[in-house]
**Student:** 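One structure is given below, represented as structure tokens, and several questions about it will come after.
Given the structure is predicted, the values throughout are model-derived calculations rather than measurements. Every chain is numbered from 1 and lettered A, B, ... according to where its sequence line falls, protein lines coming before strand lines.
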2 protein chains.
Amino acid sequence: MYDLPMRPFKHPPVSEFVLERLLYALSDPVRLEIVRHLDELGEASCGELDGGRPKSTMSHHFRILRDVGLVHTQTIGTTHMNSLRKDDMNSRFPGLLDAILVQKE
Amino acid sequence: MYDLPMRPFKHPPVSEFVLERLLYALSDPVRLEIVRHLDELGEASCGELDGGRPKSTMSHHFRILRDVGLVHTQTIGTTHMNSLRKDDMNSRFPGLLDAILVQKE
DNA sequence: ACTTAATTTCGATAATATTCGAACTATGGA
DNA sequence: TCCATAGTTCGAATATTATCGAAATTAAGT
């Protein structure tokens with residue numbers, strides 16, 4: 001018998017994206033910073049993006065970003081690689097993420 | 001001596017708009033509904049937009065919308081006329097408000 | 001002046017969120 | 001198998017926010 005793979009994260013389908021929740025997710029400075037870094041870097045592990053913050057705090061924020069559909073996380077070995085679901089976001093909310101990400105400060 | 005006019009609302013200048021606060025303001029369902037109605041109607045008084053909600057609650061939400069720069073309020077007689085500061089928003093955050101307002105649901 | 005209408009401010013309560021340490025889980029080596 | 005690494009989950013403390021009634025404010029009308 002095969003072992004079940006490590007329980008994958010639930011990434012909501014585009015049809016379940018909710019505008020209010022997305023805006024809320026992006027209204028937190030820590031999360032907006034995460035999203036900006038992911039935009040610059042393309043992808044990054046959770047650990048790379050903590051600014052000295054505890055892991056539990058970061059994990060909390062990543063979960064919110066995943067829940068609203070902004071971030072995709074895949075497990076590679078023991079690290080979780082995160083990236084923005086830009087295409088999905090753009091198909092559901094055209095122009096919105098771009099309009100936010102052009103704001104660099 | 002002239003009486004001072006009724007203390008006007010403080011409407012922040014465009015330079016003081018803060019992205020995170022704007023996103024936060026729009027992440028509340030009641031406030032997003034207000035903004036959508038203002039977009040449709042062009043302008044409206046506070047009373048026109050309560051959905052049966054208490055006035056103090058509406059006043060709270062309007063203040064937040066004013067504070068982030070989304071809404072302009074002018075006193076006309078005893079009513080407060082509200083409208084969206086679309087041009088100001090667009091100059092500070094190009095495309096952002098539009099990308100949100102095209103989402104009608 | 002007095003009254004009404006529209007809204008704001010105050011104060012309290014309830015609901016939500018953020019933060020973070022500690023314990024737990026999964027994966028990859030030694 | 002034992003250990004280290006990377007994250008997650010749990011639980012509790014703190015902080016923010018939403019909601020709403022009651023009282024205060026402002027302007028207009030009588």
**Student:** Using the rule that Ile, Leu, Val, Met, Phe, Trp and Tyr join whenever any side-chain heavy atoms are under 4.5 Å apart, tell me whether A:L84 and A:F9 fall into a single cluster.
**Tutor:** no
**Student:** Look up atom CG in A:D98 and atom CG in B:L96, then write down how far apart they are to the nearest 0.5 Å.
**Tutor:**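 CG of B:L96 is found 11.0 Å from CG of A:D98.
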**Student:** Quiz question: by atom type and distance under 3.5 Å, do the side chains of A:R36 and A:Q103 form a donor-acceptor pair?
**Tutor:** no
**Student:** I need the residues from residues 48-58 of chain A with at least one non-hydrogen atom less than 4.0 Å from DNA chain C; give them sorted by number, or say none.
**Tutor:** A:P54, A:S56, A:T57
**Student:** In residues 64-74 of chain B, what donor-acceptor pairs under 3.5 Å come from side-chain atoms, sequence neighbours left out?
**Tutor:**
residue, atom, partner, partner atom, Å
B:R66, NH1, B:T73, OG1, 3.1
B:D67, OD2, B:R63, NH1, 3.3
B:T73, OG1, B:N82, OD1, 2.7

**Student:** Can you pull out the residues from residues 32-42 of chain A that lie within a 4.0 Å heavy-atom distance of DNA chain D?
**Tutor:** none
**Student:** For a side-chain contact (heavy atoms from CB on, under 4.5 Å) check, start with the C-alpha distance between B:V30 and B:T57, then their side-chain angles and the critical distance, and finish with the verdict.
**Tutor:** CA-CA 10 Å; B:V30 175; B:T57 296; 5.7 Å; no
**Student:** Closest approach to the side chain of B:S45, judged atom by atom: which nucleotide of D:dA6, C:dT7, C:dT8 is it?
**Tutor:**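 Out of D:dA6, C:dT7, C:dT8, the nucleotide with an atom closest to B:S45's side chain is C:dT7.
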**Student:** Side chains of residues 17-26 of chain A: which donor-acceptor pairs under 3.5 Å do they make with residues two or more places apart or in other chains?
**Tutor:**
none

**Student:** Please collect all salt bridge (charged side-chain N to carboxylate O under 4.0 Å, His left out) contacts where either partner lies in residues 41-54 of chain A, sequence neighbours excluded, each pair once.
**Tutor:**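 Found A:E33-A:R53.
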**Student:** Please report, rounded to the nearest Å, how far the P atom of D:dT8 is from the CZ atom of A:F62.
**Tutor:**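 The distance from CZ of A:F62 to P of D:dT8 comes to 8 Å, rounded to the nearest Å.
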**Student:** Which nucleotide in the list D:dT19, C:dA5, C:dT8 gets nearest to the side chain of B:R66?
**Tutor:**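 Closest of the options to the side chain of B:R66: C:dT8.
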**Student:** Nearest to the A:T79 side chain among C:dT9, D:dA6, D:dT8, which nucleotide is it?
**Tutor:**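 For A:T79, the side-chain atoms sit closest to D:dA6.
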**Student:** Considering only C:dT18, D:dT9, C:dT27, which nucleotide approaches the side chain of A:S59 most closely?
**Tutor:**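 So the side chain of A:S59 is nearest to D:dT9.
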**Student:** Quick one: A:L65 CG to D:dG7 P, roughly how many Å, whole number?
**Tutor:**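 Taking atom P of D:dG7 as the reference, CG of A:L65 is at 15 Å.
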**Student:** Please report, rounded to the nearest Å, how far the P atom of C:dA17 is from the CG atom of A:L26.
**Tutor:**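 Spelled out: CG on A:L26 to P on C:dA17 is 15 Å.
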**Student:** Given the rule that I, L, V, M, F, W and Y join up when any side-chain heavy atoms are under 4.5 Å apart, are B:L41 and B:M58 in one cluster?
**Tutor:**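 Cluster IDs for B:L41 and B:M58 match.
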**Student:** Please state how far atom CZ in A:R63 lies from atom C1' in C:dT19, giving the value in whole angstrom units.
**Tutor:**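 Those two atoms, CZ and C1', are 14 Å apart.
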**Student:** Could you check how far CZ of A:F9 sits from C1' of D:dT9, rounded to whole Å?
**Tutor:**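 In whole Å, D:dT9 C1' and A:F9 CZ are 12 Å from each other.
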**Student:** When you look at B:I100 and B:V35, which way does the side-chain contact (heavy atoms from CB on, under 4.5 Å) test go after all the steps?
**Tutor:** CA-CA 10 Å; B:I100 290 170; B:V35 168; over 6 Å; no
**Student:** Polar-atom pairs under 3.5 Å, protein N or O versus N or O of nucleotides 15-17 of chain D: list them with distances, or write none.
**Tutor:**
residue, atom, partner, partner atom, Å
D:dT17, OP1, B:R21, NH2, 3.3
D:dT17, O3', B:Y24, OH, 2.5

**Student:** CG of B:D67 versus C1' of C:dT9: gap in Å, rounded?
**Tutor:**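 To the nearest whole Å, that distance equals 14 Å.
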**Student:** What's the CD-P distance between B:Q74 and D:dA27, to the nearest Å?
**Tutor:** 14 Å
**Student:** Ion pair present between B:D39 and B:K86, side-chain N to carboxylate O less than 4.0 angstrom?
**Tutor:**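 Yes, charged N to carboxylate O under 4.0 Å.
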**Student:** In whole angstrom, give the distance that lies between atom NE2 of A:H61 and atom C1' of C:dC20.
**Tutor:**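 Those two atoms, NE2 and C1', are 11 Å apart.
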**Student:** Any chance the rings of B:H80 and B:F62 have centres within less than 6.0 Å?
**Tutor:** no
**Student:** Just wondering, do A:R85 and A:P12 contact through their side chains at under 4.5 Å, heavy atoms?
**Tutor:** yes
